[in-house]
Each structure stands twice: as C-alpha cells, then as structure tokens.
Amino acid sequence: MIKNLMLAVAVLVASAGFAFAQVDVNKADAAALDGVKGVGPSMSKAILDERAKGEFKDWSDLQGRIKGLGDKKAAKLSEAGLVVNGKGKEGAAAAKPVAKDAKPSQAADAKAAL
C-alpha cells in the first residue's frame with residue numbers, strides 16, 4: 001500500500017512539470033495556437049495559412065512570414081510557450097507555469113514576521 005501511495009505521489013509530481021505545455025507552430029491546430037497568451041484568432045490564422053505553404057524553419061523564418069511579429073512579440077510568445085521546431089526564441093526567458101491564485105508559503109510568512 002505504501003508503495004502504491006509513493007508511486008502515485010511520484011507520478012503526480014512528475015506530471016506537474018507537464019502542466020505547462022509548449023505549442024509548436026509546425027504541429028499545432030488553431031485551438032492550440034489560440035491557447036498561447038498573445039496569439040489571437042487572426043495570428044493563428046496567419047500562422048496556419050503560412051504553414052500551409054511550408055513549415056517554419058526557425059524563429060527568424062516565422063517572424064519574416066508573419067506580419068507584425070517583431071523581436072519583442074516573438075520573445076513574449078516564446079515565454080508563453082510557443083516554440084518553432086521544439087525551440088524557444090533565443091534570448092527569451094524560459095516559460096514557467098504560474099498559479100493564478102498562488103499564496104505565499106507559511107515559511108515565508110513566518111520569516112517575514114521576524
């Protein structure tokens with residue numbers, strides 16, 4: 001029983017890392033693209049239309065073929081989980097999942113009280 005409980009906890013912890021999924025522009029459908037913060041219906045349509053002409057080679061190819069996608073916007077999309085051929089934009093921070101209602105830990109509260 002303890003073995004099963006430990007296995008369940010290990011699976012739960014391992015799956016927590018997958019809570020934030022990356023979305024590859026060469027594989028995603030419109031719904032997946034729309035799920036990336038900063039990508040709306042018009043951008044997802046533009047991505048799909050351009051992808052129909054040929055897959056995106058890298059970020060510079062994506063930026064060159066999608067109107068209005070500059071370095072700043074590309075970096076923000078990369079931080080939000082958008083990737084090209086499995087790679088994020090160079091210079092962009094790695095995407096990290098953030099809980100919407102995250103609360104400070106009790107240890108941090110106790111430390112602040114000192």
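We're numbering straight along the sequence, starting at 1. Nothing here was measured: the structure is a model prediction, and the numbers come from that model.
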Discussion item. Ignoring hydrogens, what is the shortest heavy-atom contact between G88 and S78? Give both atom names and the distance.
Written reply: CA-OG, 3.4 Å
Item to complete: Among Ile, Leu, Val, Met, Phe, Trp and Tyr joined by side-chain contacts under 4.5 Å, find the other residues sharing a cluster with I47 and list them by chain and number.
Response: V23, V25, L33, V36, V39, M43, L48, F56, W59, L62, I66, L69, L77, L82, V84
Fill in: Which residues share a side chain to side chain donor-acceptor pair (under 3.5 Å) with K45, sequence neighbours left out
D49
Partner residues of [X] under the salt bridge (Lys or Arg N to Asp or Glu O under 4.0 Å) criterion, sequence neighbours left out:
X   : answer
R65 : E50, D61
K37 : none
D71 : K89
D58 : none

